[in-house]
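Each chain gets a letter, A, B and so on, in the order the sequences are listed, and its residues count up from 1.
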Amino acid sequence: MKLESVRGMRDILPEEAVLWQRLEGEIRALFALYGYKEIRPPVVEPAELFARGVGEATDIVHKEMYVFPDKKGQMLALRPEATASVVRAYIEHGLYAKGDLAKLYYLGPMFRYEKPQKGRQRQFHQYGVEALGSLDPALDAEVIDLAWHLMERVGLSREGLFLRLNSIGCREDRPAYREALRAHFSARREELCADCQRRLAENPLRILDCKEPQCQEAIAAAPKSLDYLCPSCRAHFEELLSLLGDLGLAYTLDPRLVRGIDYYTRTVFELCSRELGAQDALLGGGRYDDLVEVLGGPPTPGVGFAGGMERLVLVLSQRQPLDAAAPDLDAYVVPIGAEARRKALELLAQLRRRGVAADLDYLGRSLRKAMSVAARRARYALLLGPDELAQGRLTLKDLRTGQSSSLFLGEFLANPRAFLA
RNA sequence: GGGAGCGUAGCUCAGCCUGGCAGAGCACCGCGCUGUGGACGCGGGGGUCGCGGGUUCAAGUCCCGUCGCUCCUCCCA
């Protein structure tokens, strides 16, 4: 039997990994710029954490979570998202007792058992931030500013993106809104699709998300969560909109935006790309003011977002195809003859100790072939043959211009950087 | 979970409809050029045609199953 990677879990090969490294670097740098510190929770957690945190009834937990017993029968889960883990760690280590906001970020693999397709894998990677401990709408605005800033930083223009924004209110507002939706849709039950008739009983909020044409009219006429906000939630949302205006950040109010995780309260948002297909959400997030308490900590509000690495890589690489031929070395050493090769190994070791990225041929290729590899991988070739050995020199060839020059080995090694501009 | 399309060389794909020697381009290796890459020419290596079963004198081609990928639905990152 041929061994292959598990369905929905793919290899990121060196060519693509270059882009991943660049993105991860920019993400870390930007998060640090906003005062977020990295946290690395485990990939495996008690299954119950997600059942309680994300919500037993959500698709993510109910249908898509990898759950398995360990050798003692404890039910574990591969994390389907990281917010619940971060909050668990926040409570477990008493981070709320440090007397300040906890601003945390993470980067890593998540797992959901779904049908794989473009922009959706079973093992995928998310980056995200969580700010725990303040209800200030300025923090919502900061998180959204960070999201926009990150997109700009990695090279995505504002024109190709749009931010969907909504407020779904706090837990006091929810029952009244749910009833209003139920009343509205019950009256028009006949025009709803089969799925939505079922949702009517289970969770009428979900109907807003439906894309069936036959449901659109009823959805358009549905009561909006914004009309059911309590005075404090309304004030919070209005302040957020005003702050976004000050920061010049575009948004589209979307009364249909509900999101698929139970812990959200008040602000919810998604940043989407116009250049992707069905899976167009690059990142999504919002407030979760009850989550810390639900997971056993002191009442603590929180806000954050999570973005998908794969989707970012997808958008970026479809605008700018990956360059497989990009040189990865400063210099390629090309020895001629057995004696020169011994000397070349020594030269190579010294170059690397001086911070010069260098390599040589280990496949016994011909000089011609070695030069061709050199041209592909490095800007400079360092030739070392009997002639050079006799004089204590080496030949430096600039592979871009084709110009060669002869240098004394000692002089070159004293400061190789000076010759490898 | 439901629907559609596609799996042939490392990569991109042709061949399948209408069964009859497994192909092209790129990449790789060698030589022309034994101390110098990109161009050119000549030559070469590489394949259980995704996997399993069936029909047939004969299956890459037709049928069934299965696995994988892609798209839609769904869900979301």
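Heavy-atom nearest nucleotides on RNA chain B were determined for A/Ala375 and for A/Arg259, and the one closer to the 5' end corresponds to A/Ala375.
Look at A/Arg365 and you'll find a side-chain N or O under 4.0 angstrom from OP1 or OP2 of B/rC29. For the OP1/OP2 pair of B/rC75 and a distance below 4.0 Å, the side-chain nitrogens and oxygens of A/Arg122 include no atom meeting the criterion. An OP1 or OP2 oxygen of B/rG38 is reached within less than 4.0 angstrom by no side-chain nitrogen or oxygen of A/Arg376. A close approach under 4.0 Å does not occur between any side-chain nitrogen or oxygen of A/Gln117 and OP1 or OP2 of B/rC69. An OP1 or OP2 oxygen of B/rC75 is reached within less than 4.0 angstrom by no side-chain nitrogen or oxygen of A/Arg206.
Within the 4.0 angstrom heavy-atom criterion, no nucleotide atom of any strand lies near A/Gln403. Residue A/Lys369 is in sugar-phosphate contact alone, with no base atom involved, counting any heavy-atom pair closer than 4.0 Å across all strands shown. Residue contacts for A/Leu312: at a heavy-atom cut-off of 4.0 Å it reaches no nucleic acid atom on any strand shown. Within 4.0 Å (heavy atoms only), A/Gly119 reaches at least one base atom of the nucleic acid. Within 4.0 Å (heavy atoms only), A/Lys397 reaches at least one base atom of the nucleic acid. Across all strands, A/Gly337 comes closer than 4.0 Å to no nucleic acid atom at all (heavy-atom distances). Using a 4.0 Å heavy-atom cutoff across all strands shown, A/Ala306 reaches sugar-phosphate atoms only and no base atom. A/Gly284 comes within 4.0 angstrom of the backbone, heavy atoms only, and of no base. When heavy atoms are screened at a 4.0 angstrom cut-off, A/Leu399 is found touching base atoms of the nucleic acid. Among the atoms of the strands shown, only primed sugar atoms or phosphate atoms (P, OP1, OP2) are found under 4.0 Å from some heavy atom of A/Leu367.
Atom pair A/Gln126:CD and B/rC75:P shows a separation of 18 Å (rounding to whole Å applied). Taking atom CG on A/Leu363 and atom P on B/rG45, their separation rounds to 21 Å, with Å as the unit.
The residues A/Glu339 and A/Lys343 are annotated as not salt-bridged, no charged nitrogen and carboxylate oxygen being separated by less than 4.0 angstrom.
With hydrogens and angles left out, the side-chain atoms of A/His125 and A/Glu310 include a donor and acceptor closer than 3.5 Å.
Ring geometry for A/Phe305 versus A/Tyr127: interplanar angle over 60°, hence perpendicular rather than tilted (30 to 60°).
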